[in-house]
> 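Below is a structure I'd like to ask you about.
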Amino acid sequence: MPRFAANLTMLYNEHAFLERFAAAAADGFRGVEFLFPYAFPAEELAQRLRDHGLQQVLFNAPPGDWEAGERGLACLPGREADFRAGVARALDYAQALDCPRIHLMAGLAPAGVEPAALQAVYEANLAWAAEQARAAGRELLIEPINTRDMPGYFLNRQDEAHRIVQVIQAPNLKVQFDLYHCQIVEGDVAMKIRQYLPTGRVGHIQIAGVPMRHEPDLGELNHGYLFEVIDEVAASCGWTGWIGCEYRPARGSVAGATSAGLGWLDTLGVRPPAG
Ligand SMILES: O=C(O)C(=O)[C@H](O)CO
Ligand SMILES: [Mg+2]
């Protein structure tokens, strides 16, 4: 049975952010993830986790100026100091939230820069960050993201992410395997689960319906089958990760929208036992 984490950035938008922890716990989630914690004091978030018996399973390192369109700094020449400061801040929050893993966004490929130059900066930054995170007892994740949602994003394919992880050879550098992005960019999702889960290089999985990024029972992916494949492969290889529910409720942010959309936990037979 997969362990599902509520993505508090995408879910429960009918509540102010700090109230989403209670809402997720009330729906039976035991793990949460979100994009960025930095608008709140770490202790404020840690208290919410404690109050509601929740584990923080993932969040993202600072992405640069998100409002200005930046989507990570790791591949950007000349931004190494900002990147390193962001990793340090993320590790501080990971310590405070007892969060085992951090997603490091690659960034948008700037026009006119040779891809090989970006790749060199990316891999050097990842190697440095992985060593910092290793010393802090944390994992770092890199996630292929589709360019429909994020035009120009530097990392798009599962095989490229796994190649990078193998080149850098840091045991705590892993892949964030978002099945939504995988379906859009490559397809063949079930076979990629069978291919990559046993490698030990997948640190986290995320799900959403394709193409609208709503609940997993809406769209072209048969998530019930995919959860069966994950259970089968995880049992054989010992994968014990979480699956982040990183989708926008189809009902929007009206009162009760997220909870009303959780029927897939029952229809797909994956609602965790109460308690
Ligand atoms: O876009 C995604 O799927 C992610 O998981 C990033 O962390 C946020 O954009
Ligand atoms: Mg994702």
Side-chain angles (χ1 to χ4, degrees), residues 2-11 13 17 20 31-39 56-76 83 86-87 89-90 93-94 97 99-109 122 126 129 133 138-158 160-162 164-165 173-186 189 192-193 196 201-216 219 221 223 226 230 241-249:
R3 292 188 298 173
F4 294 104
N7 184 298
L8 301 186
T9 302
M10 304 273 271
L11 301 178
N13 277 237
F17 185 80
R20 297 177 191 175
V32 294
E33 63 178 45
F34 37 71
L35 290 194
F36 311 114
Y38 311 107
Q56 185 72 38
V57 301
L58 175 79
F59 63 86
N60 289 13
D65 187 341
W66 184 270
E67 298 309 317
E70 292 189 318
R71 293 294 182 269
L73 303 172
C75 80
L76 301 180
F83 171 79
V87 169
R89 191 167 192 216
Y93 267 78
L97 302 182
C99 183
R101 57 193 69 84
I102 298 164
H103 174 209
L104 269 182
M105 296 188 75
L108 308 182
Y122 188 44
L126 290 177
R138 310 291 166 189
E139 286 182 355
L140 291 185
L141 306 183
I142 57 175
E143 179 192 41
I145 292 178
N146 85 76
T147 52
R148 181 165 69 218
D149 282 279
M150 211 169 279
Y153 195 73
F154 185 64
L155 180 66
N156 312 120
R157 293 182 57 84
Q158 304 301 323
E160 176 59 10
H162 283 269
I164 291 167
V165 166
L173 179 65
K174 298 191 176 183
V175 177
Q176 183 166 311
F177 186 7
D178 190 321
L179 306 189
Y180 165 80
H181 294 305
C182 181
Q183 172 64 6
I184 292 171
V185 176
E186 308 172 56
V189 175
K192 286 184 168 56
I193 291 168
Y196 291 124
R201 294 191 297 264
V202 175
H204 190 67
I205 290 174
Q206 292 175 318
I207 58 169
V210 178
M212 300 308 289
R213 209 168 192 174
H214 291 322
E215 285 80 356
L221 279 181
H223 279 95
L226 295 178
I230 289 169
W242 288 80
I243 300 181
C245 301
E246 194 182 31
Y247 64 83
R248 288 182 292 267

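Counting starts at 1 for both ligands and their atoms, following the listed order.
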> Starting from atom 6 (C) of ligand 1, find the nearest protein heavy-atom neighbour and note its residue, name and distance.
E143 OE1, 3.4 Å

> With a cut-off of 4.0 Å, which atoms of ligand 1 are near a heavy atom of M150?
9 (O)

> Got a donor-acceptor contact below 3.5 angstrom from the R157 side chain to the V185 backbone?
no

> Please identify which atoms of ligand 1 are closer than 4.0 Å to at least one heavy atom of H181.
1 (O), 2 (C), 3 (O)

> Please give me the minimum heavy-atom distance between V57 and A5, naming the atom from each residue.
CG2-CB, 3.6 Å

> Any atom of ligand 1 sitting under 4.0 Å from a heavy atom of R71?
no

> Which atoms form the tightest heavy-atom contact between A133 and L140, and what is the distance?
CB-CG, 3.6 Å

> Using a 3.5 Å distance criterion without hydrogens, assess whether the side chain of E143 forms a donor-acceptor pair with backbone atoms of H103.
no

> Distance below 2.8 Å from the Mg ion (ligand 2): how many protein N/O/S atoms qualify?
4

> Which atoms from ligand 1 have a heavy atom of H103 less than 4.0 Å away?
6 (C), 7 (O)

> Which of the numbered atoms in ligand 1 are under 4.0 angstrom from any heavy atom belonging to L35?
7 (O), 8 (C)

> Would you say the side-chain atoms of Q56 pair up with the backbone N or O of L58, donor to acceptor, closer than 3.5 Å?
yes

> Near D178, which atoms of ligand 1 are under 4.0 Å from a heavy atom of that residue?
3 (O)

> Grab the two heavy atoms, one from L8 and one from R20, that are nearest each other, plus how far apart they are.
O-NH1, 2.7 Å

> Tell me whether R71 contacts the main-chain N or O of W66 through its side chain, where contact means a donor paired with an acceptor under 3.5 Å.
yes

> Under 4.0 Å from a heavy atom of N60: give me the atoms of ligand 1 that qualify, with their elements.
6 (C), 7 (O), 8 (C)

> Between Q176 and ligand 1, is there a nitrogen or oxygen pair with a distance under 3.5 Å?
yes

> Can you list the ligand 1 atoms lying under 4.0 Å from a non-hydrogen atom of E246?
2 (C), 3 (O), 4 (C), 5 (O), 6 (C)

> Near M105, which atoms of ligand 1 are under 4.0 Å from a heavy atom of that residue?
9 (O)

> To check you understand the geometry: which heavy-atom pair defines the closest contact between Y247 and M10, and what is its length?
O-CB, 3.2 Å

> Does any N or O in the side chain of Y196 come within less than 3.5 Å of the main-chain N or O of R201, such that one atom is a donor and the other an acceptor?
no

> Determine whether a donor-acceptor pair (N or O, by modelled atom type, separation under 3.5 Å) exists between the side chain of N13 and the backbone of L11.
yes

> Tell me, please, which residues at least two apart from E70 pass salt bridge (Lys or Arg N to Asp or Glu O under 4.0 Å).
R79

> Check R213 against ligand 1 and report side chain, backbone, both or neither, counting heavy atoms closer than 4.0 Å.
side chain

> For N156 and E186, work out which heavy atoms get closest and say how close.
O-OE2, 4.2 Å

